[in-house]
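Everything below concerns the one structure shown next.
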Amino acid sequence: MSSSSGQPQFRYTQTPSKVLHLRNLPWECTEEELIELGKPFGKIVNTKCNVGANRNQAFVEFADLNQAISMVSYYASSSEPAQVRGKTVYIQYSNRQEIVNNKVSGEVAGNVLLVTIEGVEAGDVSIDVIHLVFSAFGFVHKIATFEKAAGFQALIQYTDAATASEAKNALDGRSIPRYLLPEHVTSCYLRISFSAHTDLNIKFQSHRSRDYTNPYLPVNPSAIEGNLQPMVGPDGKIKEPESNVLLAAIENMQYAVTVDVLYTVFSAFGTVQKIAIFEKNGGTQALIQYPDVTTAAVAKEALEGHCIYDGGYCKLHLSYSRHTDLNVKAYSDKSRDYTISSTGILSNPQASSVPSASTGWQTNPQVAGTSVGSIGMQAPVPVGQAAAWDPSKTTFASPAGTFPGQPFVPSAGAPFPTSGGPPSAPAGYFQAPQQRPQYGVQPRPASGAPPYGQPPGYF
DNA sequence: AGCACA
């Protein structure tokens with residue numbers, strides 16, 4: 001029955017809805033344009049474009065009813081009509097209270113992108129390359145990569161949906177630049193949709209996932225990076241290749257870090273063959289040699305960013321050295337060679353001449369990009385300071401060799417229990433080892449610290 | 001210029 005009387009075809013007094021119905025939109029009006037239009041009035045949580053026979057209608061849904069009311073009210077009394085691309089847009093409340101089943105998942109704009117990288121295997125594109133590519137559009141908060149039936153995929157979290165949309169629009173269907181890819185990769189197309197996620201839960205920094213907002217997130221010890229390709233850093237530079245020798249830059253060195261201390265810390269992961277400590281660029285660095293790359297990699301992953309002492313003291317930044325075999329003095333206050341039979345060392349504890357391990361090392365100044373937080377540790381105790389006190393410490397002007405008879409004990413030379421610690425429990429090694437009571441050493445700054453025997457308040 | 005499930 002056609003009713004010309006009765007209900008009006010269109011209601012002019014519509015019940016407000018947080019969903020607005022837009023008409024007379026330009027051809028293929030995008031969601032971004034709708035968001036742009038409605039953004040001044042509130043938060044748009046959903047849209048539906050290209051509605052109607054002419055596909056020139058749309059719905060936008062605000063988070064709050066009052067936001068929709070404010071938009072309708074504004075344009076009801078405005079002399080300037082709402083416009084998209086210069087076309088006047090007519091706005092009214094929708095007769096529904098929410099947009100239902102707006103789009104298939106993947107079309108709803110969100111701040112997290114789901115990126116499928118076609119034509120490659122997981123090992124072909126590093127997370128650093130992904131980070132580099134997607135950082136062009138804004139700060140990338142987090143990345144998680146995984147392999148599914150669809151192929152190699154990555155979730156990339158931006159600050160907001162607008163940034164994610166920009167990246168999606170620019171990169172969807174495009175290929176990662178060839179120079180960022182291994183040579184055998186011929187094509188590498190990105191298929192990008194929106195993820196339903198809003199905040200990724202990254203548990204570890206690893207070769208599969210990153211949280212760039214949380215530098216204190218621990219590195220996953222089991223996530224050793226593959227050695228297939230030279231890794232490209234976030235800045236596009238090639239990372240140093242793996243090595244059995246680690247370069248440790250020691251930051252915030254408030255307490256003395258001696259050969260013995262380093263030996264203890266790094267022995268938790270395997271046999272330490274050689275150690276050399278030296279000054280570089282005003283800071284203290286050390287080279288630690290393991291028998292093999294794997295051990296070094298485990299130690300690097302586990303220790304990077306951790307502090308030898310609680311309170312942020314003596315923070316380690318580890319990278320791979322270019323060295324493979326250190327040429328160090330068997331025993332000095334700055335170096336140790338544990339591969340040499342201990343008997344010979346004992347017989348000649350090197351009483352005279354200034355130790356010179358601080359020179360002659362080509363060192364790699366770059367430190368690993370990821371900085372990770374300290375692990376829980378007890379009060380800063382300058383362990384090892386007594387047994388391996390460094391007399392040539394920068395500001396303390398004591399001539400080398402004048403320190404009386406260091407009770408050096410080789411191999412067991414670390415002044416506290418060493419070795420045998422399972423790599424899975426490096427934390428135990430950061431518990432400040434027991435102090436040697438006979439020395440009565442109290443924690444004190446390494447720089448300018450008096451040797452044992454000096455009273456406190458020496459400065 | 002006028003309400004969307006497919």
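Lettering follows sequence order; numbering is per chain, from 1.
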Checklist entry - Which residues in residues 52-75 of chain A have at least one heavy atom lying under 4.0 Å from any atom of DNA chain B? => result A:Asn56, A:Gln57, A:Phe59

Checklist entry - Atom CD of A:Gln83 to atom P of B:dA1: distance rounded to whole Å? => result 14 Å

Checklist entry - Between atom NZ in A:Lys48 and atom C1' in B:dG2, what is the gap in whole Å? => result 17 Å

Checklist entry - Between A:Asn24 and A:Arg96, which is nearer to the 5' end of DNA chain B once each is assigned its nearest nucleotide? => result A:Asn24

Checklist entry - Considering heavy-atom distances to DNA chain B, does A:Val19 or A:Tyr90 have its closest nucleotide positioned more toward the 5' end? => result A:Tyr90

Checklist entry - Which whole-number value in Å describes the distance from A:Lys87 NZ to B:dG2 C1'? => result 14 Å

Next on the checklist: Can you identify which nucleotide, out of B:dG2, B:dA4, B:dC3, has its nearest atom closest to the A:Arg23 side chain?
Outcome noted: B:dG2

Next on the checklist: Could you check whether A:Tyr74 and A:Phe41 have their ring centres less than 6.0 Å apart?
Outcome noted: yes

Do any side-chain atoms of residues 189-196 of chain A form donor-acceptor pairs under 3.5 angstrom with protein atoms, and if so which ones, sequence neighbours left out?
residue	atom	partner	partner atom	Å
A:Arg191	NE	A:Glu118	OE2	3.4
A:Ser195	OG	A:His197	N	2.9
A:Ser195	OG	A:His197	ND1	2.8

Checklist entry - What integer distance in Å separates A:Gln97:CD from B:dC3:C1'? => result 13 Å

Checklist entry - A:Cys307 and A:Tyr313: which non-hydrogen atoms are nearest, and at how many Å? => result CB-O, 3.3 Å

Checklist outcome for this item: Heavy-atom closest pair (A:Cys29 atom, A:Cys49 atom, distance to 0.1 Å) is O-CB, 3.7 Å

Item to check | Nearest-angstrom distance from the residue atom CG of A:Leu25 to C1' of B:dC3 | outcome: 13 Å

Checklist entry - Roughly how many Å is it from CG in A:Leu22 to P in B:dA4, rounded to a whole number? => result 14 Å

Item to check | A:Ser135 side chain to A:Leu132 backbone, donor-acceptor under 3.5 Å | outcome: no

Item to check | Atom pair distance, as rounded to whole Å: CD in A:Gln92 and P in B:dA1 | outcome: 14 Å

Checklist entry - Do A:Asp199 and A:His141 have side-chain atoms, one donor and one acceptor, less than 3.5 Å apart? => result no

